[in-house]
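All ligand and atom numbering here is 1-based and tracks the order in the structure.
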Amino acid sequence: MPEKKVFVGDVRFFSVLDESGAVDSKLEPAFSSDELKKLFEWMIQIRAFDDKCVKLQRSGKLGTYLSVLGQEAQVAAALAMEKNDWLVPYFRDNGLILARGAKFEELLAVGGGSEWGSQFSGPNILPVAIPVATQLLHAVGIAWGMKISKEKNAVLVSFGDGATSEGDFHEAMNFAGVFQLPVVFFCQNNQWAISVPRKNQTASETIAQKALGYGFSGVQVDGNDPLAVFVAVSEALKKARQGKGPTLIEMITYRMSDHSTADDASKYRSLQETRAWEKKDPIDRFRKYLKAKKIWTQAWEDRVGQTIRTRIEESMRKAELIPNHPSTDIVDFVFLESTMELLRQREFLEEAGRREKRDDAK
Ligand SMILES: Cc1ncc(C[n+]2csc(CCOP(=O)(O)OP(=O)(O)O)c2C)c(N)n1
Ligand SMILES: [Mg+2]
């Protein structure tokens, strides 16, 4: 039987800075010194905020917290977005959300249990999705709406390597491919999904290649290189806005922290592995690059760090002013017309609230 090749795939790895901070000048984006400094500031800002959030959780002031440590180059993806684009984040995206204009106090309110914080100040940011991969379908829905209404904007949806094992991921990718939707799938492959290593997540060589199965392109990018992340996301968003369909970006990075403040990663991964990734730290690398360009000085970083710490302290007071929810919200937004059972539960919650107030007054 005669045979012919019917499909040939191609997946590239893209980086601009190497691990020592040396740049491939042909690929360097045209940033001014101020823009480069801003990018660095965003990264040290999220690292400082992250550190504070872990401490606040430890002292009982925040709920379970998921650290962004090691993944700070994600901020570059937010900086690549335009105002009218939409960001659909997951639970390890505080860097993306802040760089898109949300305030520390809003994230602190969310971390403390108030959904009012989710009305983020930045433009077009969906609330953080906690159920793994559900947000991919929301993103595709928004992108479909954009296409129908002929808007020339795009959606960036962010998720982890673990999310690629969910049906939602495949449904979203398939739909986006068939309808050529303006969406960028931004997969932060940090090598772990809680205790499940990347090699147990999928048998395919790369996550990026999964896009080929759905009829669009996938690219791997060095996720600890903020310039590479910026260039790859900018190009993919531009392509989406021009009506040329979706892209899957696999950002290769590493979760330096435990999965969350409720986890202990030393139980399932080696210190040796974590140490090897320490050498690829995105902030250290970018600092070396800025230093070589004579843009960075220790005095400047210290000054910026001090301003950030002051702003974080102020935001803790502001977060307390964001109200919490009445407990009846749990039942009030389930159905348009409530059921007898929910109404019974509502009465119970109201009575519990009244009891709490009486006890407080005593
Ligand atoms: C639908 C669903 N199943 C399970 C969980 C519990 N869970 C929370 S995070 C997580 C792993 C996510 O890994 P990954 O997608 O790689 O993101 P990362 O935490 O590494 O950033 C799991 C299984 C959940 N939140 N939602
Ligand atoms: Mg992961």
Looking at [Y] and [X], is there a salt bridge between them, counting it only when a charged N and a carboxylate O are closer than 4.0 Å?
{"X": "R358", "Y": "E351", "value": "yes"}
{"X": "E341", "Y": "R344", "value": "yes"}
{"X": "E28", "Y": "K293", "value": "yes"}

Check your understanding: Would the number of heavy atoms belonging to other residues, nucleotides or ligands and lying under 6.0 Å from CZ of F31 be above 12?
Key ->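 More than 12 heavy atoms, drawn from other residues, nucleotides or ligands, come within 6.0 Å of this atom.
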Review point. Within the stated cut-off of 2.8 Å, is an N/O/S atom of W192 closer than that to the Mg ion (ligand 2)?
Key: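 An N, O or S atom of W192 is closer than 2.8 Å to the Mg ion (ligand 2), so yes.
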Point to revise | Heteroatom N/O/S of Q188 within less than 2.8 Å of the Mg ion (ligand 2) | key: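 Of the N, O and S atoms in Q188, none lies under 2.8 Å from the Mg ion (ligand 2), which means no.
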Practice item. Taking the Mg ion (ligand 2) as the reference point, name the nearest N/O/S atom of D161. Key: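 Going through the N, O and S atoms of D161 one by one, OD1 ends up nearest to the Mg ion (ligand 2).
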Check your understanding: Under 3.5 Å, is there a donor-acceptor pair between the D18 and S20 side chains?
Key ->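 Distance-only check passes for D18 and S20.
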Check your understanding: So, T134 versus D168: side-chain donor-acceptor pair below 3.5 Å or not?
Key ->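 Their side chains do not contain a donor-acceptor pair, so the 3.5 Å distance test is not met.
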Exercise for review: Give the protein residues with at least one non-hydrogen atom closer than 4.0 Å to an atom of ligand 1, ordered by chain and number.
Suggested key: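 Near ligand 1, by chain and number: Y90, F91, R92, I130, P131, V132, G160, D161, G162, A163, E166, N190, W192, A193, I194, H259.
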Point to revise | For F49, all residues meeting ring pair (Phe, Tyr, Trp, His ring centres under 6.0 Å), sequence neighbours excluded | key: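 Partners of F49 by the ring pair (Phe, Tyr, Trp, His ring centres under 6.0 Å) criterion, ordered by chain and then number, come out as F104.
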